[in-house]
Amino acid sequence: MSLTKKLPGLDGLRAIAAVVVLIGHVYLIAGTMGQKEFTSIFASIGHSGKNMVTLFFVISGFIISYLLLNEKASTNTISLIQFYKKRALRIWPLYFLIFFVAYLISVNTSLYQNFGSFTSASVIAITFFGVNIANVLSVPFVVLSHYWSLSVEEQFYLFWPVLLKKINLLKVCCTVIIIQFVLRNGAAYLSHHSNNETAWTAINGIFNQSLFSCMAIGGLLAIALYENWKTLRYVRMLWVKILTWVLFFFVSFCPLSIPYIQSEIAGFVYALTIANAIAVENPRFLDSKISVFVGKISYGVYMYHVPLIPLLIVALQAMGAGFFFMYYGLPLVALAILITLLISYLSYNYFEVPFLKLKTYTFFQKKISSEVN
């Protein structure tokens, strides 16, 4: 089986994830900027945002693994140069643009004063994709704390194609899931039963953010789809579809706390949801025009909204537009979504697409040809 066309449903899932994360951050940021009543709202919904990032991880692991399986089958190898070039062109331009703009605003104005200041450590961590590690050391990232998930993805991309080039994907996925489980829970145990509790607590925090196991679960789904496992036919059954979406909403939006394996349970539920989404008879809302539109620009939505929301709140406060902070902040949420979508749309078409078009250029054609042969 080859990926001859875009799989359905994925844009819809990206859209759900991006909007839920955005809504959570509206309340978090507004609370930080003085709207204290919003802090309690975030406390009740904040877990949903992290769960949606987990969904992003599973989708990413699934797509990357599926593409690499196809490449290895057709060329008998994996071009690491092409892989890293494509990932860099997709992630780096917007990543560093927003970093540059946020840094300039932070050092030259007081608009981000509620979020601290950039330090040498934070600049280094952002530049070299180590935000998830620096986070547990309380390094301030001003309005770029959400960059932790990009650091996790870039770290995943460093080793994933290298392993898949030499080792069977099923073995790699199972190994990563087991290692992550053992190391994370081992660090959690030692954080309560060791003389060096602070260090083990930090290590546990890093493993709690670096959800490589959830990306590996996405890889397992890629194997199932690529090899057309018979178990996938059950995904099309009505009772499985209903159960899938019940589990999806329960895991995503309920304050669930499952010791030891919560991340992995969420990962498998999201893998089942993806399998349901890419089925021919997937829920129609996943492929609606608005879902496809938001899903297409979801990377921009995720990247722009955190540094944008404080600027929006400052502008509304300066104008005395108190209406937007009434009715549980729903007018603020709606405005933040609309403005973020507009900026992300413009960014995608006029900034990101020119870089994406470069992905088809073979700057290293000679090297690639020698690898294939």
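In what follows, every heavy atom counts, from backbone to side chain, and hydrogens, waters and symmetry copies are set aside.
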Applying ring pair (Phe, Tyr, Trp, His ring centres under 6.0 Å) to Y95 and Y147, what does each step give before you reach the verdict? CA-CA 8 Å; Y95 180 97; Y147 269 35; 4.3 Å; yes

Which heavy atom of I177 sits nearest to which heavy atom of A216, and what is that distance? CG1-CB, 3.8 Å

If you compare all heavy atoms of M215 against all heavy atoms of F57, which two are closest, and at what distance to 0.1 Å? CE-CD2, 3.2 Å

Please report the C-alpha distance between E264 and R184 in whole Å, then the side-chain angles of each, then the deciding distance to 0.1 Å, and finally whether the salt bridge (charged side-chain N to carboxylate O under 4.0 Å, His left out) criterion is met. CA-CA 12 Å; E264 285 74 21; R184 184 183 69 243; 2.8 Å; yes

State the CE-CG distance between M33 and L316, to the nearest 0.5 angstrom. 10.0 Å

Salt bridge or not between K165 and E71? Use side-chain N to carboxylate O under 4.0 Å. no

Kindly compute the distance separating CZ (F62) from CD1 (I278), expressed to the nearest 0.5 Å. 4.0 Å

First locate atom CD1 of I78, then atom CH2 of W160, and finally report the distance between them rounded to the nearest 0.5 Å. 11.0 Å

Are the charged groups of R87 and E153 less than 4.0 angstrom apart, N to O? no

Which distance, rounded to the nearest 0.5 Å, do you find between the OG of S298 and the CG of D11? 7.0 Å

Minimum heavy-atom separation for L55 to A17, with atom names? CD2-CB, 4.0 Å

Answer yes if the ring centres of W245 and F285 are under 6.0 angstrom apart, and no otherwise. yes

In Å, rounded to the nearest 0.5 Å, how long is the span from CD1 of I59 to CD1 of I64? 12.0 Å

In terms of relative ring orientation, are H146 and Y302 parallel, tilted or perpendicular, with 30° and 60° separating the classes? tilted

Any donor-acceptor pair under 3.5 Å linking the side chain of E352 with the backbone of L94? no

Among L342, N349, I343, which residue satisfies the side chain to side chain contact (heavy atoms under 4.5 Å, CB included) criterion with L346? L342

CZ of F159 to CG of L164, rounded to nearest 0.5 Å, is 10.0 Å

4.5 Å side-chain heavy-atom contact, L150 and V131: no

Step by step, work out the side chain to side chain contact (heavy atoms under 4.5 Å, CB included) result for Y157 and S60. CA-CA 10 Å; Y157 296 149; S60 180; 2.9 Å; yes

Shortest non-hydrogen pair, G205 vs V136, comes out as C-CG1, 3.6 Å

Closer than 3.5 angstrom, by distance alone: can the side chain of S291 be matched with the main-chain N or O of D287 as a donor-acceptor pair? no

Please confirm whether the ring centroid of Y348 lies under 6.0 Å from the ring centroid of Y299. no

Is the number of heavy atoms from other residues, nucleotides or ligands under 6.0 Å of Y84 OH greater than 12? yes

Can you get from V19 to Y328 by hopping between Ile, Leu, Val, Met, Phe, Trp and Tyr side chains that sit under 4.5 Å apart? yes

Apply side chain to side chain contact (heavy atoms under 4.5 Å, CB included) to the pair K241 and V235, showing each step before the final yes or no. CA-CA 6 Å; K241 293 180 181 180; V235 174; 5.7 Å; no

Run the side chain to side chain contact (heavy atoms under 4.5 Å, CB included) test on F99 and F118 for me, step by step, so that the C-alpha distance in whole Å, both residues' side-chain angles and the decisive distance to 0.1 Å come before the verdict. CA-CA 11 Å; F99 174 31; F118 284 104; 4.2 Å; yes

Determine the interplanar angle of the F293 and Y345 rings, folded into 0 to 90°, and report it as parallel if under 30°, tilted if 30 to 60°, perpendicular if over 60°. tilted

Measure from the side-chain N and O atoms of Q180 to the backbone N and O of S210, and report whether any donor-acceptor pair falls under 3.5 Å. yes

